[in-house]
Amino acid sequence: MIIAFGAFMLFVRDRSPKPEYDEAACAGPPLRSAQKRNDAMQQGYTINRYYDCIDKASFVEINRQKTEVQRARAEAPVAPTSTAAAESQESLEQARSGFQTAISVPASGTPPLPHPPPQLFVRTDYTSSRNLTLPAFVTPDPKDGQKHPAIIWLTGGDSNSLDDFWSPGPESNDQSAEAFREAGLIMMFPTLRGGNANPGGKEFLFGEVEDVLAAADHLARFAYVDPTQIHLGGHSTGGTLALLTAESSGRFKAVFAFGPVAEVTRYPPSVVPVNFAEYGAREIKLRSPIHWLSGISAPTYIIEGTNGPANTEDFAALCQKSRNPQLHCVPVEGSDHFSSLAKVTKVIAARLAVGGYGTEFALRPDEFRQASASSKP
């Protein structure tokens, strides 16, 4: 009888209704209405569908990000006064003019210049400042008699050099940006001063800005490129360089900076092998995008995953400091510094391919956050 009673009690427990709330799974009571669910998702929270509440892990993560933003805001430098205030109004273009950097590292010759499949990319050399002739690779003429939108893409790591830039990687880390090529955009991958076996020396995010602008002028002369529809994108160090270029010039239709840093000193020596302590503060400032955000004059997007590894602190600092309506910050919920690339480039490429701008094009700050939240069980 005892055994039978125990079995009966177990059966009753299995058939009992689910609890309405679980403190370990929920942050707060059930939401009860569609409006409350929408409000929660607008704030970035994930909905636990079993208990119809804000998922506790999501709540903890979003509040961690809010704390980072508040800390970045609290640590932001006090607005300068007197002479310093006048200096703060200086644009990056003005600040760069006439400045001679003391940092220049000659090319090592490695990696050797790559040889992509000719049906994907052909070599074209462009001339940068100081009369430097630098190789680049561009999508071949599609022979359709049309002028196409185009994008220059700056790679991460050693952005001055190229190796195998055309082979796609997995969704978790596809740095080829092939979505643009597949959507029909013309792509250019430039090498920069001091990269591969190039003339000049690596200046690590200074003179390279001039190279990018020269590459854009070169690309605009291609018969199958629409010179009014040239965009710029880059990832990691390439994202930082893209952002600095946007701050220096309104040359591009739009700029997409994936995972940039706010200050160049945030890079480890393995990425930027420069001991900036040996140089003046001006060398640092001219390479640090956070000081020049007000100079952006074309639509520019800073994009970064919300999961680690990612430059989340830099993302928060850049986005909180800017009041420039041309700068848009797009957090990619559920993605990291690398997996955000494949997810977002597909969306951008599809819109650029049809020339969409303004409200039709714009990446909303909540766009990828909502998509990620709605796909979770």
Side-chain angles (χ1 to χ4, degrees), residues 113-129 132-155 159 162-169 174-192 210-235 238 241-242 245-246 249-258 297-301 303 326 341-363:
L113 196 67
H115 298 281
Q119 70 273 20
L120 298 182
F121 291 98
V122 294
R123 177 172 171 174
T124 180
D125 293 356
Y126 69 99
T127 303
S128 185
S129 63
L132 300 177
T133 300
L134 304 171
F137 295 90
V138 66
T139 307
D141 188 347
K143 307 291 187 183
D144 58 4
Q146 302 296 314
K147 287 186 177 290
H148 297 266
I151 186 167
I152 295 175
W153 189 260
L154 306 174
T155 60
S159 299
L162 292 174
D163 45 26
D164 180 352
F165 60 88
W166 60 89
S167 296
D174 184 4
Q175 299 187 42
S176 70
E178 69 165 351
F180 296 106
R181 176 163 46 87
E182 290 186 341
L185 274 78
I186 303 303
M187 289 197 78
M188 174 188 264
F189 285 82
T191 65
L192 309 174
E210 299 171 12
D211 299 342
V212 175
L213 292 172
D217 290 341
H218 181 76
L219 183 60
R221 292 191 285 270
F222 279 66
Y224 54 93
V225 169
D226 183 344
T228 69
Q229 300 281 325
I230 296 179
H231 310 82
L232 176 64
H235 175 241
L241 179 55
T245 305
S249 170
R251 174 69 179 80
F252 296 94
K253 186 72 174 180
V255 177
F256 308 96
F258 285 78
S297 58
T300 298
Y301 294 84
I303 305 161
Q326 293 283 14
L341 273 167
K343 183 183 295 185
V344 182
T345 54
K346 289 176 183 176
V347 175
I348 297 172
R351 295 178 189 178
L352 294 187
V354 296
Y357 288 95
T359 56
E360 296 83 7
F361 169 77
L363 297 175

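The residues of the chain are indexed from 1 along the displayed sequence.
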**Request:** Report yes or no: does T228 contribute a side-chain atom to a donor-acceptor pair with the main-chain N or O of D226 at less than 3.5 Å?
**Result:** no
**Prompt:** How far does CZ of F121 sit from CH2 of W166, to the nearest 0.5 angstrom?
**Reply:** 9.5 Å
**Message:** Less than 3.5 Å apart, any donor N or O on the side chain of H218 or T124 sitting next to an acceptor on the other?
**Reply:** yes
**Request:** Looking only at non-hydrogen atoms, find the nearest pair between F137 and P114 and report the distance.
**Result:** CZ-O, 3.4 Å
**Message:** Test of understanding: with side-chain hydrogen bond (donor to acceptor under 3.5 Å, both in side chains), list the residues that count as partners of Q175, not counting sequence neighbours.
**Reply:** N173
**Request:** Would you mind telling me which of L154, L134, D211, L219 makes a side-chain contact (heavy atoms from CB on, under 4.5 Å) with P190?
**Result:** L154
**Request:** Give a yes or no answer on whether the side chain of H231 reaches the backbone of A150 with a donor-acceptor pair at less than 3.5 Å.
**Result:** yes
**Separation between OG1 of T245 and CD of E210, rounded to the nearest 0.5 Å** = 10.5 Å
**Request:** Supply the atom-to-atom distance I303 CD1 to F258 CZ, rounded to the nearest 0.5 angstrom.
**Result:** 3.5 Å
**Item:** Distance, nearest 0.5 Å, that separates CH2 of W153 from OG of S159
**Value:** 11.0 Å
**Message:** Would T127 and L132 count as a side chain to side chain contact (heavy atoms under 4.5 Å, CB included) here? Give the steps.
**Reply:** CA-CA 5 Å; T127 303; L132 300 177; over 6 Å; no
**Request:** In sequence, state the C-alpha distance, the side-chain angles, and the governing distance for I230 and M188, and then conclude on side chain to side chain contact (heavy atoms under 4.5 Å, CB included).
**Result:** CA-CA 10 Å; I230 296 179; M188 174 188 264; over 6 Å; no
**Request:** Kindly indicate whether the side chain of T139, heavy atoms from C-beta on, has any atom under 4.5 Å from the side chain of M187.
**Result:** yes
**Message:** Set out, in order, the CA-CA distance, both residues' side-chain angles and the distance that settles side chain to side chain contact (heavy atoms under 4.5 Å, CB included) for T345 and D174, then state yes or no.
**Reply:** CA-CA 10 Å; T345 54; D174 184 4; over 6 Å; no
**Request:** Find out whether V138 and Y126 are in side-chain contact, i.e. whether some heavy atom of one side chain is under 4.5 Å from a heavy atom of the other.
**Result:** no
